[in-house]
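What follows is a set of notes on a single structure, which appears directly below.
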Amino acid sequence: MRVPRLNWFFLFSGVSLLAAFALLGWETFRYSRSFSRLPAGLRLAGMPVGGLTTEEALQQILTTYATPVELRYRDSVILLDPAVVSFQVNTTVLLPQAAQLRSNDVFWSGLWDYLWLRQASAADVPLRATYSQERLRAFLEDVAARYDRPGSPPQADVATLGFRPGEPGYTLNIEAAIDLVDKALYSPEAERRIVTLPVIEQTVVRPNLQTLGELIVANTAQHQFDGVLSLHLSDLNTGDELGLTLADGVPITGPVAFSGMSTIKVPIMVSFFARNTGALTDDERLLLQRSMEESQNTATDLLLKTIGRGDGFAGALAVTDDMRRLGLVNTYISGLLDVRGAVLTPFATPANSRADINLRPDPYNQTTAEDMGLLLAMIHHCTRGGGALMAAFPGAFTPEECQEMVSFLSQNQVGPIFIAGGSPGGIVAHKHGWDTVPLTNVADAALVFTPGGDYALAIFLNRAETIGYEEANRFLISLARAVYNFYNR
């Protein structure tokens with residue numbers, strides 16, 4: 001009987017198949033053990049967690065994001081515990097996303113990559129976390145309160161009519177700091193959880209208009225002026241304003257009506273130019289020169305008649321209407337200057353209607369320091385091609401005409417008195433005025449051009465009893481010098 005020959009091929013194939021199944025089983029077993037851990041290349045909340053269990057990864061994340069953020073304020077180090085700002089990692093979002101990496105579909109596709117030695121694709125599950133920005137702001141405000149060293153403000157120095165300089169300092173820029181700390185709270189990297197807080201370095205603090213106001217109050221007390229002072233300052237470059245009225249040295253609010261005196265000639269000149277067309281005639285120029293430079297009332301009345309087309313009273317009403325059109329409601333004239341008794345009914349204004357203070361101003365010719373200072377600023381802005389004059393009177397003014405008005409004011413040379421006397425390095429275009437002897441009202445309103453800045457300044461003084469001319473002049477010069485020193489220190 002013949003024994004069948006062993007089929008080595010089938011035997012080899014069978015053994016190989018069994019070995020392959022055994023190897024597949026072994027590799028599947030090995031992969032299944034690794035599958036219980038997070039896959040290589042995975043980043044969870046910005047951290048590499050491949051090879052860790054979900055619990056280990058979660059603990060590492062919580063520990064990392066609970067690490068204090070180091071804040072550096074100049075030479076000081078402050079630690080911010082994330083719990084102080086209620087920083088919380090949203091594990092209810094992170095854990096389900098991590099669990100999705102353990103689904104059956106992921107297992108078999110991962111096994112296939114594993115068997116073929118293919119690198120598993122990296123995954124990145126972003127951080128989900130929240131914190132209280134209100135608490136962060138409060139924390140930084142507390143840091144600022146403890147570590148800021150603000151510069152000290154300058155002080156008025158009445159002895160020199162100047163200012164003692166302030167001290168430099170530094171303060172925390174809280175808004176910028178919030179952005180930096182926000183990024184650090186959300187970063188797992190140790191070097192990025194260190195924040196150099198942004199600090200605003202304050203150089204020597206310059207005086208501001210409030211400091212100037214304090215100097216004027218102190219200077220008024222030094223001169224023992226017991227009347228009413230009203231001052232208005234307009235910065236011709238920035239538009240900043242300072243308005244200050246003192247009654248017996250005590251600040252009061254709101255406009256106070258003063259006699260217009262010769263300062264009313266500035267509104268009259270403005271109204272003349274608003275109606276004038278073309279170049280000035282020789283006669284018109286002469287009238288303006290005599291009105292502004294020589295302060296002649298007769299010439300000013302002729303200007304009023306020109307404005308009113310032969311009627312001086314109509315001219316006075318037109319000037320008043322023009323000022324109201326410009327918003328200068330406390331300025332009016334209701335009669336001629338050189339004709340006694342020839343007047344219209346006085347006007348009621350907010351300034352002359354207040355019940356708490358009455359300087360008994362000329363009932364037919366009134367203004368305020370604020371109105372006069374603003375009007376001069378308008379003239380200046382018109383020379384630059386803009387401002388309220390051109391807006392209120394479209395096409396009525398040109399920059400050249402407004403420059404002519406400044407030129408007339410510049411020719412009002414009466415010696416180094418009043419604002420000109422207190423502005424040693426400046427060019428002063430002004431109109432001053434006082435009432436009849438004995439003096440009870442004195443005023444000066446000027447455009448002042450200085451190396452340190454240009455401004456419009458109006459100062460009005462009133463005292464029920466006589467103001468000696470020399471006393472008034474010294475006081476006005478000192479006030480103007482304080483303003484000049486503010487711009488040229």
Side-chain angles (χ1 to χ4, degrees), residues 257-276 280 283-324 326 328-349 351-352 359-369 371-372 375-376 379 404-405 408-409 411-414 417-418 429-446 458-462 467 469 472:
F258 283 80
S259 296
M261 301 168 282
S262 286
T263 64
I264 200 67
K265 294 168 183 174
V266 178
I268 293 171
M269 177 176 64
V270 170
S271 290
F272 172 83
F273 271 95
R275 289 159 179 78
N276 185 64
L280 295 174
D283 288 342
E284 290 169 340
R285 187 174 298 279
L286 182 61
L287 281 180
L288 287 164
Q289 287 174 341
R290 288 178 174 173
S291 173
M292 304 308 298
E293 299 171 20
E294 302 173 22
S295 205
Q296 289 186 10
N297 289 342
T298 302
T300 305
D301 286 345
L302 289 174
L303 286 175
L304 286 171
K305 291 180 180 179
T306 302
I307 295 168
R309 297 183 178 182
D311 185 341
F313 296 111
L317 290 175
V319 172
T320 301
D321 288 342
D322 289 348
M323 294 304 104
R324 289 181 172 178
L326 291 169
L328 308 179
V329 297
N330 293 307
T331 297
Y332 74 85
I333 181 170
S334 61
L336 300 177
L337 299 180
D338 211 26
V339 180
R340 298 293 181 181
V343 293
L344 302 169
T345 302
F347 292 91
T349 70
N352 67 21
L359 304 183
R360 302 185 183 280
D362 182 343
Y364 307 108
N365 173 11
Q366 293 182 18
T367 189
T368 63
D371 277 10
M372 201 56 60
L375 180 59
L376 287 171
I379 294 173
E404 280 193 289
M405 286 192 274
F408 284 121
L409 292 169
Q411 296 305 312
N412 181 26
Q413 302 293 333
V414 291
I417 65 169
F418 297 178
H430 76 119
K431 192 75 193 80
H432 64 286
W434 54 72
D435 55 13
T436 56
V437 178
L439 295 179
T440 55
N441 291 283
V442 181
D444 199 5
I459 305 174
F460 282 71
L461 303 179
N462 170 276
I467 307 174
Y469 173 81

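All values reported here derive from a predicted model rather than from experimental measurement.
In this structure, the side chains of F272 and L280 come closer than 4.5 Å at one or more pairs of heavy atoms. Using a 4.5 Å cut-off on side-chain heavy atoms (C-beta onward), F273 and M405 make contact. A 4.5 Å side-chain heavy-atom check between Y469 and I417 finds at least one atom pair inside the cut-off. Using a 4.5 Å heavy-atom threshold, the side chains of Y332 and P267 count as separate. Residues M292 and V266 are in side-chain contact: their nearest non-hydrogen atoms beyond the backbone lie under 4.5 Å apart. In this structure, the side chains of L317 and F347 come closer than 4.5 Å at one or more pairs of heavy atoms. In this structure, the side chains of N330 and T349 come closer than 4.5 Å at one or more pairs of heavy atoms. Contact of the L359 side chain with the F460 side chain is not registered, since no non-hydrogen atoms from C-beta on lie closer than 4.5 Å.
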Does the side chain to side chain contact (heavy atoms under 4.5 Å, CB included) test come out yes or no for T320 and M323, once each step is laid out? CA-CA 5 Å; T320 301; M323 294 304 104; 5.9 Å; no

Stepwise, does the side chain to side chain contact (heavy atoms under 4.5 Å, CB included) test hold for D322 with V270? CA-CA 9 Å; D322 289 348; V270 170; over 6 Å; no

The test is side chain to side chain contact (heavy atoms under 4.5 Å, CB included); show your working for T306 and R275 and say whether it passes. CA-CA 9 Å; T306 302; R275 289 159 179 78; over 6 Å; no

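Between L376 and A446, the shortest heavy-atom contact is CD1-N, 3.2 Å. Taking each heavy atom of T367 and G260 in turn, the nearest pair found is CG2-CA, 3.9 Å. Contact detail for S262 and K431: the closest heavy-atom pair is O-CG, 3.5 Å. Shown here for N412 and E293, the closest heavy-atom pair between the two residues is OD1-O, 3.6 Å. The two residues M261 and I264 come nearest to each other via the heavy atoms O-CG2, 3.2 Å. Scanning both residues, A458 and A369, for their nearest heavy atoms gives CB-O, 3.4 Å.
To the nearest 0.5 Å, the span separating CD1 on I307 from CG on N276 amounts to 10.0 Å. Between the CZ atom in R360 and the CG atom in N441 there is a gap of 12.5 Å [rounded to 0.5 Å]. Separation of atoms OG1 (T263) and NE2 (H430) is listed at 12.5 Å; rounding is to 0.5 Å. Atom CG of L304 and atom CG of N297 lie 10.0 Å apart (nearest 0.5 Å). Atom NZ in K265 sits 12.5 Å away from atom CG in L288 (nearest 0.5 Å). Atom-to-atom distance recorded for S291:OG and M269:CE is 8.0 Å, nearest 0.5 angstrom.
The aromatic rings of H432 and W434 sit tilted, their planes meeting at an angle between 30° and 60°.
A side-chain contact (heavy atoms from CB on, under 4.5 Å) with L303 holds for exactly one of V319, L287, L337; it is L287.
In the model, S259 has no side-chain atom that pairs as donor or acceptor with a side-chain atom of D435 under 3.5 Å.
No donor-acceptor pair closer than 3.5 Å links the side chain of T440 to the backbone N or O of N462.
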